[in-house]
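Take a look at the structure below.
Each chain gets a letter, A, B and so on, in the order its sequence line appears, and its residues count up from 1.
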There are 2 protein chains.
Amino acid sequence: MKNISKEDYLRIIFKHKNSDGEIKPNLIAEKLSVSNAAVTDMIKKLSHEGYTNYQKYKGISLTNSGETYARNMVRRHRIWEIFLNQVVGIPWDKVHDEANRLEHSSSDELINRLDELVGFPRYDPHGDPIPSKEGKMPKQKKYIALSKLKEGDSSVVVRVNDFDEKFLSYIAGIGIKLNETIKLLEKRDFDKSMLITIKGKQWNISEKLAENVFVEVKK
Amino acid sequence: MKNISKEDYLRIIFKHKNSDGEIKPNLIAEKLSVSNAAVTDMIKKLSHEGYTNYQKYKGISLTNSGETYARNMVRRHRIWEIFLNQVVGIPWDKVHDEANRLEHSSSDELINRLDELVGFPRYDPHGDPIPSKEGKMPKQKKYIALSKLKEGDSSVVVRVNDFDEKFLSYIAGIGIKLNETIKLLEKRDFDKSMLITIKGKQWNISEKLAENVFVEVKK
DNA sequence: TAAAAAATTTAAGTAAGCTTAAATTTAAAT
DNA sequence: ATTTAAATTTAAGCTTACTTAAATTTTTTA
Ligand SMILES: [Mn+2]
Ligand SMILES: [Mn+2]
Ligand SMILES: [Mn+2]
Ligand SMILES: [Mn+2]
């Protein structure tokens with residue numbers, strides 16, 4: 001294939017498909033910042049080429065071939081992220097956009113070599129699982145959204161949504177990162193905002209923020 | 001700008017312009033594997049945007065702005081090459097194509113960081129000078145083509161042309177690399193082929209090959 | 001220096017990947 | 001069950017970066 005746009009569509013479909021393996025055009029359009037019309041066009045092409053299944057007005061899904069291609073794109077993306085973070089030394093909240101471009105510009109041999117250099121990690125800097133060279137997905141750790149915590153709960157950060165760099169640098173700024181402990185002190189009913197503790201400091205966070213940070217509750 | 005095609009045109013113009021700073025459409029077309037008509041089209045666009053000077057049927061040259069942009073592209077290309085070679089461990093004869101893509105997909109911040117990681121080298125794995133962040137070009141070492149050696153001369157490899165991976169892996173296979181010593185034993189008049197010694201082994205090489213390897217004669 | 005060859009430009013056309021606007025279908029709300 | 005709203009598709013059109021073929025200019029060679 002070797003086509004930046006198509007590769008982006010496939011990776012986004014893979015990442016955001018629901019539990020039935022389906023995704024709506026609307027969501028793709030939003031994630032890629034293109035019009036719905038552009039999505040319809042592209043999905044028709046991808047379906048012609050055997051990467052997606054498409055029926056008018058129905059949910060879109062990946063074929064086996066599309067699934068394989070997409071999983072490899074996810075692998076490329078996440079390996080670049082972790083390589084940039086661990087070897088190049090770019091902060092974990094800054095690697096996403098760079099990886100988003102590099103993922104299209106490197107051979108599989110290079111990706112495999114980078115993977116080797118960082119020691120075949122199973123999760124990327126945001127806690128997302130990295131498919132192996134053979135396409136196997138590590139189990140995603142169990143987690144709940146930070147917004148679902150009960151007052152008094154202590155938790156450990158397991159994953160964060162990585163699509164908005166502004167969001168990431170904000171949470172990095174208040175000390176949220178993988179494996180960090182977060183305790184919920186208060187939750188306000190009227191706007192669902194929360195008061196939390198990180199490394200002894202207290203912070204007020206919005207519901208929106210809390211919905212994009214995922215934690216494991218500590219017993 | 002942020003446009004892969006235009007960036008490739010600028011880098012190629014920079015690399016292959018003659019001593020007057022000019023280049024013919026024909027050569028650009030050849031280096032980029034596109035038609036002459038495509039070159040005319042693109043040069044018109046680049047000229048409109050202030051990156052090149054263009055008059056029908058005359059040689060093409062870079063403006064100040066084009067020169068700056070192009071030099072940065074060369075920097076990106078060569079830093080990727082040396083990073084891939086030194087940090088990632090890809091053989092020097094295999095880095096060119098990979099760099100050719102990566103050069104368009106990385107921020108200046110990333111390039112500067114890679115530069116730092118490899119210790120601000122002045123030459124790439126093929127002996128070509130790497131422009132500094134400020135755009136300063138290290139002096140190119142003095143050299144002559146291997147094909148210009150006299151029988152009996154001993155020499156050191158200073159630079160090799162890097163545009164054909166087949167060529168590079170062939171010469172890498174016979175032991176040619178930067179700083180390697182090459183001695184010319186015989187040169188045949190009828191086809192200009194040569195018999196050389198590298199690390200005690202003798203090799204017959206064609207004139208074509210010898211024209212793409214550059215050496216400094218040892219006294 | 002005239003003829004032939006090569007290089008360059010112009011013209012016409014294509015495919016990809018978008019856009020906006022209008023038409024159609026599906027989902028949500030009353 | 002209608003009506004309204006939202007999502008989706010179709011239609012028409014744009015830009016970019018190419019192509020081939022024909023016309024033009026420059027360079028080379030006889
Ligand atoms: Mn991408
Ligand atoms: Mn990530
Ligand atoms: Mn390139
Ligand atoms: Mn090089």
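Inspection of the B:S193 and B:D191 side chains reveals an N or O donor paired with an N or O acceptor under 3.5 Å. Looking at A:H77 and A:D124, their side chains never bring a donor and an acceptor atom within 3.5 Å of each other.
Each of A:A38 and B:A38 was assigned the nucleotide of DNA chain C with the nearest heavy atom; the assignment lying further toward the 5' end belongs to B:A38.
Side-chain contact between B:Y54 and B:T40 is present, with at least one heavy-atom pair separated by less than 4.5 Å.
A close approach under 4.0 Å does occur between a side-chain nitrogen or oxygen of B:K45 and OP1 or OP2 of D:dA17. For A:Y9 and C:dA16, the shortest distance from a side-chain N or O to OP1 or OP2 is not below 4.0 Å.
Nucleotide C:dA16 holds its P atom 15 Å from the CD1 atom of A:I43, rounded to whole Å. Between the C1' atom of C:dT8 and the CD1 atom of B:I23 lies a distance of 14 Å, rounded to the nearest Å. The interatomic distance linking A:L46 (CG) with C:dA16 (P) rounds to 12 Å, in whole Å. Between A:H104 atom NE2 and C:dA16 atom C1' there is a gap of 16 Å when expressed in whole angstrom units. As a whole-Å value, the separation of B:L27 CG from C:dA7 P is 11 Å. Atom pair B:L10:CG and D:dA17:C1' shows a separation of 15 Å (rounding to whole Å applied). When rounded to the nearest whole Å, the span between NZ of B:K58 and P of D:dT26 equals 7 Å. For the pair B:N3 CG and C:dA16 C1', the computed distance is 14 Å after rounding to whole Å.
Ion pairing of B:E103 with B:R11 is present here, as a side-chain N (NZ or NE/NH1/NH2) and a carboxylate O approach within less than 4.0 Å.
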Tabulated below should be each protein N or O lying under 3.5 Å from an N or O of nucleotides 10-14 of chain C; please produce it.
from	atom 1	to	atom 2	distance (Å)
C:dT10	OP1	B:K56	NZ	2.9
C:dT10	OP2	B:K44	NZ	2.3

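Judged by the 6.0 Å and 45° rule, B:K17 forms a cation-pi pair with B:F14.
Residues meeting the side chain to side chain contact (heavy atoms under 4.5 Å, CB included) test with B:I12, sequence neighbours left out: B:H16, B:K31, B:L32. Contacts of A:P131 classified as side chain to side chain contact (heavy atoms under 4.5 Å, CB included), with partners at least two apart in sequence or in another chain: A:R71, A:V74, A:R75, A:M137.
Listed nucleotides D:dT19, D:dA17, C:dT8 differ in distance to B:V34; the shortest reach to its side chain belongs to D:dT19.
Across all strands shown, B:S35 has heavy atoms under 4.0 Å from base atoms, whether or not it also approaches the sugar-phosphate.
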